[in-house]
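A short write-up of the structure that comes next.
Here is the naming used below: chain letters follow the sequence lines, and residue numbers restart at 1 for every chain. Note that the structure is predicted; figures quoted are calculated from it, not measured.
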Amino acid sequence: MTGTTTKSTQMIRFLGFVSLLCGVLIVGAHVASQSRIRVNQEEILRESLAQLLPGMTRQVIYIVTPTGELTPAASGESSDKRIFAGFDAGGKFLGVVLEASERGYADVISAMYAYSPASKTITGFSVLEMKETPGLGNKIGSDPEFLANFKALDTTHPVAAVKHGKKTNPWEIDAISGATISSRAVGRMLAASVQEMAPIIARHRDRIERGN
Amino acid sequence: MKETAPNPFINGLWRQNPTFVQILGMCPTLAITNSVQNAIAMGLATAFVLICSNGLIAAIRKHVPKQVRIATYIAIIATAVTVTDYLVKAISISVYKALGPFIPLIVANCLVLERAEGFAAKKPVIPSMMDGAGMGLGFAFGLTCLGTVREVLGAGTFLGIHLFGPNFEPWVLFLLPPGGFISLAIWLLIFASYRERKDRRERARAALLTVQPAEAQS
Amino acid sequence: MSGTTIIEVRTSPHLHGPMTVETIMRHVIYALLPIAAFFSWHFGLSAALLLAVTTAGCVLAEHTACRLSGKRSTVNDYSAAITGLLLGLTLPPGLPLWMAVVGCLVAILPGKLLFGGLGSNVFNPALVGRAFLQAAFPVAVTNYTPGLAANRFVEFIPSTWAVPLMKPAPLNDWLAKVAVDGFTGATPLAMQKFDHIYSELGPLLWGLGPGSLPGCLILLCGAYLVARGMMDWRITASMIAGAAATGGIFHLVNPALYPDPVWVVFTGGLLLGATFMATDPVASPVTPRGMWIYGLLMGVLTVLIRNLGGLPEGVMYAILFGNALSPLIDRLTPPRPYGARKAQVPQ
Amino acid sequence: MNFFGAERFFGPKRLWRGIHVPEHKEQTAHLPIRRLPFPPLLIVPLSQHAGKPAKAIVHEGQEVVRGEPIAEADGLMSVPMHAPATGRVERIAPAPSAKGELTPAIYIRPYPGASQEVLYGAEQNIDQMTPAQVVAAVQATGVVGLGGAAFPTHVKLKVPEGKKIDTVVVNGCECEPYLTTDHRVMVEYPRQVLHGARIAMRAVGADRAVVGVEDNKPDALAALRAANGDRPGILIEAVAAKYPQGAEKMLVKVLLGREIPSGGLPADVGLAVFNVATLAQIGELLPHRQGLIERVVTIAGPAVRKPGNYLIPLGTPLRWALEQAGCTDQAVSVVLGGPMMGAAVGSFDIPLTKGVTGVLVLAKGGANGEAHVFPCIHCAACVNVCPLQLDPSHLGLLARKDRYEEMETVYHLNDCFECGCCSYVCPAHIPLVQYFRVAKQMNRERKARS
Amino acid sequence: MNESLGHIFVDAFLINNFVLCVFLGMCSFLGLSSKVSTAWRMGVSVIFVITVSAILSYGTNLILVAFHAEYLRLITYIVIIAATVQLTEMFIKKKSPELFRELGIYLPLITTNCAVLAVPLFQTARGYNLLQSTVFALAASGGYCMAMVLLALVRERTELSDVPSLARGTALTLVLASILSMAFMGFAGMGGGG
Amino acid sequence: MTEFLIAGGIMGAMGATLAAVLAFADKKLYVYEDPRIDEVEGLLPKANCGACGCAGCRAFAEKAVKGEIAPGKCTVNSPEGVAAVAALLQIDAGTEERRVARLACAGGPHVARHRALYVGLPTCRAAALVNGGAKGCSWGCLGLGDCERVCSFQAIRMSGHSLPVVSESLCTACGDCVEVCPKQLFSLHAVSHRLWVACRNLADGAQAEADCEVACTACGRCAVDAPGGLIQIVNNLAVIDYGRNSLASPVPTQRCPTGAIVWFEKDQGPLRGPEAKRITRQSPLPVRAADLPTQRATSSYEGMHL
Ligand SMILES: Cc1cc2nc3c(=O)[nH]c(=O)nc-3n(C[C@H](O)[C@H](O)[C@H](O)COP(=O)(O)O)c2cc1C
Ligand SMILES: Cc1cc2nc3c(=O)[nH]c(=O)nc-3n(C[C@H](O)[C@H](O)[C@H](O)COP(=O)(O)O)c2cc1C
Ligand SMILES: Cc1cc2nc3c(=O)[nH]c(=O)nc-3n(C[C@H](O)[C@H](O)[C@H](O)COP(=O)(O)O)c2cc1C
Ligand SMILES: Cc1cc2nc3c(=O)[nH]c(=O)nc-3n(C[C@H](O)[C@H](O)[C@H](O)CO)c2cc1C
Ligand code: SF4
Ligand code: SF4
Ligand code: SF4
Ligand code: SF4
Ligand code: FES
């Protein structure tokens, strides 16, 4: 082979063929694993919802249109703004779960929280994705003391985080010591999200609670 | 002359260890090793890709035109990686989440292409797969070493088991980027001092064996 | 001498000036002592112990490492002691001593000796140690206790004695006992940044806020070194100028959010950094123009990090960044040799 | 201390960089020039100057008269030698030199009791000579730069093709510590200095001369000013004392604000620079068509018994001169020239030549004491004092790693004139100048090889 | 997401610097940073390759989305990168053989520089438009180039000192990188927060 | 199924397009480089020592492929390596006799006097610039080991008497020591040049011996013992004419009184003749007590040796 230039057509044919083969292989893997992956993803979603709304077995997903209307969404598809309504085995409405995100210490924190339209409180909080400092900022997803803030966080007043040990009002979040920035980001995130979503939910409360 | 490597498997595992000797595949080495579990998973995923791609490339090595060889190898590697990606996703979403964006980046792990070019392109299928396995496991070994330092110091745990009790003050740094660099440096220093001590011993032995060159003997 | 003098041949110059590295370093220590004394007086026993531990830790680390590698110990050039003192001065007084020791080891081993010892390190060793601690133990390192507590000469801050590798016990009880009113544990900078509470400027000049050292005393000690020709004033001056100017611009844009230049200069570690750390000759440029650029850059960066970043304090990062850039600055600002048409930038 | 450099703006003209060195001139500055007796044997090397060695024109056993030429110039870059004493040529053979190698020399044994009077020479009228004739006459005197470089003076008097010289600069700075030869020459022979300056002005066609004298020699300034009176053409200027103001590049910058281009000559900026002693010799010798046979040498230093300025016949062995002045047993090294630039010698059998401005005997435990060399701490002291605005710090670091080529191409090594300021101030006691000398030598050899 | 261009730039250049904070492109960062001249040439080559391949991948992605063949992203991106690199390599070899010799084995390895692949993947994941993608590519590769040059500068400086034999080589480089990365932590949170 | 078609279509099309682009670029931008250069380079020892006279191993490989230099010119390569290169290029190996560096001085401080104490940078280069070094013999080795430091092959080791000792097996004749020595004491010689004058002192016999006990005093005995013209006395020094090396034998060393002329036996270093002075001293000679004129005593002047 040394020194001889390979014919161009041969190169084209070879690479074309290899690529084609690769493409087919990949599609094969894609098709073969697709259903399993979907099941997995739904499982994950349900688990995280169930964590926020204990006892939940069924969820209904709505997409919020830009005009503030709701349309039901096929499960598993991600889109802009979603509302998950959760029901227990007996079909009882448990509350809604909303998504929110905000810039934290290192990067955007995205999270889900449970909201009770009846009591106008936040009843649960879990982080989906963050790059906060491990051992510090990332405690917002794991620190029991911090998560205890979200047992019944009043939203009638704008939510805000205050320094550790300084919580006095029901709408305040007691920040994690040493991670005030991340904690405040959570506060801002919830405040903004509730401010936007609460009226929409209030408007469609009946429909959501009915689950259609 | 190319040294006659006795066994491509051992070669990759120790003598030519990709992490500590060749310093290849550094991105996952540094990025994924903040827990031992991630390190092992990433190492195994890479080993799997290496075995597949080395085998495939060795199989077609005789037919590849020189000018498109890189593109071909890369396409094959990418296929192997995409397949792995789907596999991991199908097996466990939580592992997939931990390895994050780094599985697709196995494609670009220099180690994989280096082995394709440096070994699989020249050798038959079986030794190539052996080499892939050796390198891959060597890589996994390297990652685990690093992961151990980082997890033990950074979180006080090993594979999630608490080692020092609940009051341990974690060294957050080791979970952060600088800690990755430092941990690898620590391992390299350990190996270097080991090698230096060995060298010194060998030199001392050699000095005993050689006759001192005579200086103007009378 | 019985007339059998052995004559020596040497190269010119046959005279030498009075300065030696050892004298310079010794005088830097003299200049740091008043500051260390203030620190100990202000925070009490724990602070004094912290300084003693960091200084001894650095000196011992260097001595032992030299001996282990079979070299002559280099501690008698006093530079390790400076590193220790400065490291101690940048740490909160109640820091667990085991963490301080970790800081010393990091400052001296990877920060200095790994590069080849005195003169070879690229980064300021004390700041390498401090940056390591800050990243490893961010909570402990930003946790300031109140100064001037009544019992400061009688008892240690409890966290000082934390068990190695373990968390220090919470300070709440102790704080309640010393009963300092309205103490928040935050430095003036952190309070300004996160809570927009301005401390009064007056006490800051005299170093009476938590976590801050007396600006005027630091400047005075620096002036002593400058007067003895042992320190370059250009870096200090340009760093302060850079910080003040940048701070001024921010202040003009949004006076409510950003503090005024005087406040900027006298808070945090800026003066200590500009006077004793940015000027560490080893890690700073040698060319005259380079020094100006270096100082300005660090001043500007400090304020940018403070005002825009997530951290209240930026001096340490600014100086480390400046250290990294100093080889580049040296290259880009060669002095114009006598008789050359223009300075040539080496490739 | 030099706080903000404010003193730059007051007082006489001064050098910006450079250093203040303890002067130690009080030891000899007040002592008039005295003659030294002839040694039993004189050794006159054929190469006492920069350039080609002279060619001997005497043979062994020949009798010579004091002042008589004994060697002739070999081409333009060379000067003749004259017999320093009346006596007999004992042999023509290699002799040790200050560089350490053997160089050919004429050994003359003076007759015992020979007179110090110069019997050789004839009057000549300079005013009627063309510049070219003046240059030739200067060459015949064998005068070379007595400021230390020993560069043949007539070469400097010959204006290069296409250049014009407007000013003669007379260098009376003598910035080196201990040395007072130029000082005494200016005090005792001001008329000769000025006469020499006028000869130089004529030769190069300049209508102006500037004499630069450091302000630590007020008596020299006074003597020159008195001798000059109010004759125009020669300006006598005081400059603030600082080392190395005497280097021509510095002096020219301080006095006239001109910078000699890197690698260039004073003629490139319309100047010619001469040492006062050089001009004094020309002013003295040229009218009588005599040759250079002796020079003033300062013998000083902490370990000298009888320091002073001695008029020494060229070729006097160092040992003789030292025996006349006497050393204490504190002596530990002997330096030819000033302490900043002079070379230490390891042998006393070498002769004193035209370029030797002083002999210093340094004592134990002086500033020259043993010191621990630290690593460079980048303190920039050297950068701040280097009069040529180089970067000795980087040069030193590169030299340690044998990166000689880079020193030359990137850091202007060849501009360094080895003044020693950087080594003097370096707190780490790094022998920077020695590094630079080695580097230059290695570069020269590398170039010669390729 | 609707991030401003300035924010994208600062984020990718400083705050989440590809090399020092995200660990991408490590191998060449550690391997090619011993000389400033090599480092910055490599940096510029990477800027070129990343920017070109980011734009090409953007187009490719449009096609893939149109055909609902997103699963082919990885392979198409990497093959495009490989081709770009190979073209660059041929070009450099033709125009500047000595640069080619200097970059030596690392030129083909740009292909396997994770940073190069990461840019198209990230830009797709974050849904950047063409302009945002280009800015992102420039910032990320510029950040890579800057980190490379910084490391090379400090490494060149250590060459003038007597580094203990134990640490000579990669260990020292890693320590330098780690301190640099600590210094970069100062920029963390610059994007928002407090 | 459509998925397979689409994927196959996209990938096939892309592969073909890129291959076409590459093929086109390959035609336009192709630079021919003999692949054998890489292969030869792979067979070289990569010492980049320059002993072959080329700027590094790759330059050697380029020249070797072009046939401008024989593979054997790389003296560092093992014989098998040379043979492999030759076989690859299908040419003659072209062997060259191995050369080694030889030192023309044997005057360690235990036999050669120093006239002063040198204080300064501990390198020969630096010492030589101060008054030619402090050694009495101004031609001799300064013993500060520049050659040892510069040798990249660890072939030079300073002996207990501060004299460099060259290992015949390690030396690659790269010439670095020849260049670095300020006294030019090294030269490269074929290993078969075994008769050797280990001195450069040009001073006359008495002076030379006063400076160094093992100096060549130009007594001429070796010249008399050597067959026709092999050794001549030039400028107070014995000089060997290596053009007549075939005549050389250890005989001329037999009667040398100082042992300045030696015979290199392989792996035994330099051997002196039986009549050479026995040197039992191990410690350095004292630096000559300087006759520094500490008194004003004109009479001591007769001590001047001229
Ligand atoms: C390396 C490092 C990482 C940090 N990471 C976070 C973080 O993820 N989240 C956070 O809120 N603060 C983080 N911080 C701390 C903040 O800078 C700031 O000091 C803290 O939020 C102030 O909280 P405090 O008022 O409770 O002390 C970090 C600090 C350092 C030095
Ligand atoms: C190679 C060379 C050529 C020179 N040619 C001239 C010349 O043509 N005219 C002149 O005035 N000086 C000439 N000089 C003299 C220098 O300008 C300078 O005066 C001399 O080197 C001594 O200066 P120093 O004592 O500062 O080293 C020459 C010097 C050298 C080294
Ligand atoms: C560092 C340095 C210092 C010098 N100091 C003096 C000095 O003090 N007096 C002097 O006459 N020449 C001094 N020279 C020599 C001058 O540069 C120049 O060569 C001399 O004045 C020319 O005159 P000449 O050729 O008549 O000697 C010095 C040179 C150097 C490099
Ligand atoms: C003016 C001056 C400032 C110094 N500042 C520091 C410093 O900030 N940190 C430090 O570790 N050493 C400092 N040193 C000591 C010494 O330079 C330092 O340890 C070197 O970096 C060690 O190589 C300083 C020395 C001087 C003369
Ligand atoms: S570098 Fe040269 S010119 Fe500059 S101070 Fe040093 S010796 Fe003098
Ligand atoms: S004076 Fe000495 S220590 Fe200071 S920068 Fe110069 S060489 Fe380095
Ligand atoms: S430096 Fe001298 S001894 Fe060493 S290999 Fe080269 S020639 Fe031989
Ligand atoms: S042989 Fe030359 S280089 Fe080697 S020690 Fe002797 S003088 Fe120095
Ligand atoms: S693994 Fe990322 S560049 Fe090598």
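- Heavy-atom distances place no part of E/V149 under 4.5 Å from chain C, backbone and side chain included.
- In this structure, C/E62 contributes its side chain and C/V59 its backbone to no donor-acceptor pair below 3.5 Å.
- Side-chain N/O atoms of C/S79 and C/K112 include a donor and acceptor closer than 3.5 Å.
- At a 4.5 Å heavy-atom cutoff, the contact between C/F321 and chain E is made by backbone and side-chain atoms alike.
- Interface residue E/V175: only side-chain heavy atoms are found under 4.5 Å from chain C.
- A salt bridge links E/E156 with C/R331: the distance from a Lys NZ or Arg NE/NH1/NH2 to an Asp or Glu carboxylate oxygen falls below 4.0 Å.
- E/T124 and E/Y77 share a side-chain donor-acceptor pair at under 3.5 Å.
- Formation of a donor-acceptor pair under 3.5 Å by the E/N17 side chain with backbone atoms of E/F13 is found in this model.
- Contact annotation for C/N121: only backbone heavy atoms (N, CA, C, O) come within less than 4.5 Å of a heavy atom of chain E.
- Contact count versus chain E (heavy atoms, under 4.5 Å) is highest, among C/L328, C/L113, C/L114, C/L301, for C/L114.
- Looking at C/L304, the atoms closer than 4.5 Å to chain E (heavy atoms on both sides) sit in the backbone and in the side chain alike.
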